[in-house]
Amino acid sequence: MSRHWLMKSEPDAYSWDDLVEQGEGIWDGVRNHRAKNNLAAMQEGDTAFFYHSNIGLEIVGVVEISEGGLTDPTDPTGKWAAVKVKPKQKLRHPVTLKQIKAEPRLADCELVRQSRLSVAEITPAEWEVILEMSKG
DNA sequence: GCCAACGTTGGC
DNA sequence: GCCAACGTTGGC
């Protein structure tokens, strides 16, 4: 049973378009324990929303975990986790943070509850709600 | 082991 | 640019 996630990136540093251009990206540099636990729990085939923080403040696409269980190559101590992701589909309409906060069914999601968490889990129900919203 | 001070992240 | 939330550090 695959799980769902949400991964934040500042588009200035790494945007959806950057990922599409490269075909596959490694998600590293996470230095938060809760986010790391989420990264470490990801398995190949899981899917994740790609969220633009700071600029945009919206979910722009869906990525698939292409390789899980990696150690962060940018971390000399080898304690932190990383995964590889591939772009799967761009949302027809981005789902903004504003919309997410206005949706009662999403009030409990990790993104809303702990806004600074860079890698959050999305429940199957929340996943469906967001996908539905992206269809406009 | 507690807690105040400080730094960072991210929304507004 | 400000501020709230959260994590980390360091003195005790």
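Throughout, a chain's letter reflects where its sequence line sits, starting with A, and its residues are numbered from 1.
- Contacts of A:Lys98 with the nucleic acid, taken as non-hydrogen atoms under 4.0 Å apart, are absent.
- For the side chain to side chain contact (heavy atoms under 4.5 Å, CB included) test with A:Phe50, the passing option among A:Leu6, A:Leu19, A:Val85 is A:Leu19; the others fail.
- Counted within 6.0 Å of CD on A:Gln114, heavy atoms from surrounding residues, nucleotides or ligands total more than 12; the atom is thus considered enclosed.
- Among the atoms of the strands shown, none is found under 4.0 Å from any heavy atom of A:Leu117.
- The nucleotide range of DNA chain C contacted by chain A, defined by atoms under 4.0 angstrom from heavy atoms of the protein and reported 5' to 3', is C:dA5 to C:dT8.
- Residues passing the side chain to side chain donor-acceptor pair (under 3.5 Å) test with A:Arg31 are A:Asp72, A:Thr74, sequence neighbours excluded.
- Ionic pairing of A:Arg34 and A:Glu110 is present here: one or more N-O contacts between side-chain nitrogen and carboxylate oxygen are shorter than 4.0 angstrom.
- Judged as a salt bridge (charged side-chain N to carboxylate O under 4.0 Å, His left out), and not counting sequence neighbours, A:Asp28 has no contacts.
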